[in-house]
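The structure appears right after this line, and notes come after that.
Letters A, B, ... are given to chains in the order of the sequence lines, protein chains preceding strands, and every chain is numbered from 1.
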There are 2 protein chains.
Amino acid sequence: MKLTPIMQKYILHWGEMGTRWGVNRTVAQIHALLYLSHEPLHAEEIAETLEVARSNVSTSLRELQSWGLVKIVHVMGDRRDHFESLEDLWEMFSVIMEERKRREIDPTLSMLRSCVLEGEADKATPEAIKKRVQDMLDFMETFSSWYEQMRHIPRPTLIKLFKLGSKVTNFIGKKA
Amino acid sequence: MKLTPIMQKYILHWGEMGTRWGVNRTVAQIHALLYLSHEPLHAEEIAETLEVARSNVSTSLRELQSWGLVKIVHVMGDRRDHFESLEDLWEMFSVIMEERKRREIDPTLSMLRSCVLEGEADKATPEAIKKRVQDMLDFMETFSSWYEQMRHIPRPTLIKLFKLGSKVTNFIGKKA
DNA sequence: CACTAATTTCAGTATATACTGAAATTAGTG
DNA sequence: CACTAATTTCAGTATATACTGAAATTAGTG
């Protein structure tokens with residue numbers, strides 16, 4: 001696939017951003033490329049377009065699939081696997097949130113809970129420090145349960161809520 | 001400072017999480033240590049506690065200060081700089097959001113806008129692809145303006161809003 | 001303003017991660 | 001079921017980033 005300057009700019013920037021979020025450059029670039037592409041691409045084409053090794057593409061695609069951001073499709077008369085990205089951005093966003101929560105927030109909550117638990121019997125750790133741990137746990141649990149509720153709201157309602165922005169406070173202002 | 005097992009567990013986990021979010025391990029560990037500590041620490045003590053080079057601590061503290069997460073305080077009768085972390089977690093969270101937006105989202109918005117702009121005169125890029133770029137821009141702008149509104153809501157109202165969770169939809173359900 | 005403690009800078013090195021290319025494996029096809 | 005295309009695995013290498021320790025700088029103190 002031949003990249004136009006606009007596509008190049010987009011993909012390079014995305015790769016750059018990826019690295020800042022703990023996603024490797026190639027993975028982010030492939031995701032960007034597949035998002036832009038209006039048709040599924042096969043691995044060979046991705047490798048040529050981004051000028052990276054075929055094997056690198058293979059690994060990166062596997063990673064993207066494990067996130068649920070990319071899936072395999074097949075094209076009639078072609079035995080190669082083709083890949084396409086989620087295109088709905090709300091969907092994409094929610095998939096990323098979900099995965100990051102599962103991989104990062106949940107383990108952190110476990111860690112915090114176990115710190116609090118061990119803290120009860122532990123006389124070596126000053127109370128002030130135990131309190132900090134407890135505060136962090138409370139904070140993250142508030143957040144986590146907020147998120148848990150948000151993800152069950154039907155998509156259209158959620159979008160409405162977002163577009164409403166700070167106007168929601170008009171309602172709760174009266175109530176609370 | 002002597003780390004108890006709980007503190008150690010907390011700090012090591014935090015360092016680990018940091019790396020997944022594009023923050024280097026030592027920076028994240030120092031932040032965790034200062035958050036836990038009920039009193040400001042000087043650089044030497046941080047270096048000893050975490051068993052890293054003094055110079056590394058210096059650089060990392062500078063980074064944390066640039067984020068606004070840590071600030072210098074002075075202790076009577078001691079000429080060394082001491083450091084303490086923000087302790088309010090809502091504050092900490094909002095500082096991190098603010099910085100990440102400034103460093104990552106804003107530049108991405110610029111990139112997307114310039115892609116859309118160049119797209120107008122560009123005949124090489126297929127319309128379908130231009131549309132994807134436009135969609136991404138719209139999505140991120142919705143998000144960004146939502147965030148912009150949220151950050152102007154007074155802290156207590158915001159906290160109320162969070163604790164309310166999905167119940168907010170009760171209100172908008174009737175309205176929208 | 002000389003002295004010393006504290007801090008920062010920076011070149012060099014270590015470490016972690018990304019990437020390559022060849023070899024091995026898997027899976028379609030006649 | 002032999003053949004070949006497609007894909008994956010993996011050891012080796014390259015690259016980016018983190019970290020160290022010595023030297024330079026800064027800034028308090030008598």
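- Nearest-nucleotide assignment on DNA chain C puts the 5′-proximal partner with B/Asn56, out of B/Asn56 and A/Thr26.
- As a whole-Å value, the separation of B/Arg20 CZ from C/dA16 C1' is 15 Å.
- Close to D/dT7, at under 4.0 Å from its OP1 or OP2, lies no side-chain N or O of A/Ser55.
- Checking A/Arg79 against A/Arg25, the closest nucleotide of DNA chain D that is more toward the 5' end is the one next to A/Arg79.
- The nearest whole Å value for the distance from the CD atom in A/Glu63 to the C1' atom in D/dT9 is 16 Å.
- A salt bridge does not link B/Lys130 to B/Glu120: none of the charged nitrogens lies less than 4.0 Å from a carboxylate oxygen.
- Between the side chain of A/Ser58 and the backbone N or O of A/Arg54 there is no donor-acceptor pair closer than 3.5 Å.
- The NE2 atom of B/His82 sits 15 Å away from the C1' atom of D/dG28 (whole-angstrom rounding).
- D/dT25 and C/dA6 make up a base pair, with Watson-Crick or G-U wobble contacts both under 3.5 Å.
- In a base pair of the Watson-Crick type (N1 to N3 plus N6-O4 or O6-N4) or a G-U wobble (N1-O2 and O6-N3), with each distance short of 3.5 Å, D/dC19 is matched with C/dG12.
- Between B/Arg54 and C/dT7 there is a side-chain polar atom (N or O) within less than 4.0 angstrom of OP1 or OP2.
- A/Arg151 forms no cation-pi arrangement with A/Trp146, by the criterion of a distance under 6.0 Å to the ring centre and an angle within 45° of the ring axis.
- The side chain of A/Val52 approaches C/dT20 more closely than any other nucleotide in the set D/dT7, C/dT20, D/dT20.
- Between C/dT8 and B/Arg62, a contact under 4.0 Å exists linking OP1 or OP2 to a side-chain N or O.
- Not a single donor-acceptor pair under 3.5 Å links the side chain of A/Tyr10 to the backbone N or O of A/Leu36.
- Considering only the side chain of A/Ser58, D/dT7 comes nearest among D/dT7, C/dT20, D/dT20.
- Here the side chain of A/Thr142 pairs a donor or acceptor atom with the backbone of A/Asp138 at under 3.5 angstrom.
- A/Thr19 comes within contact range of no nucleotide atom at all, as no heavy-atom separation falls under 4.0 Å.
- Proximity of A/Asn24 to the phosphate of C/dC19: a side-chain N or O atom is located under 4.0 Å from OP1 or OP2.
- For the pair A/Ile72 CD1 and C/dG28 P, the computed distance is 11 Å after rounding to whole Å.
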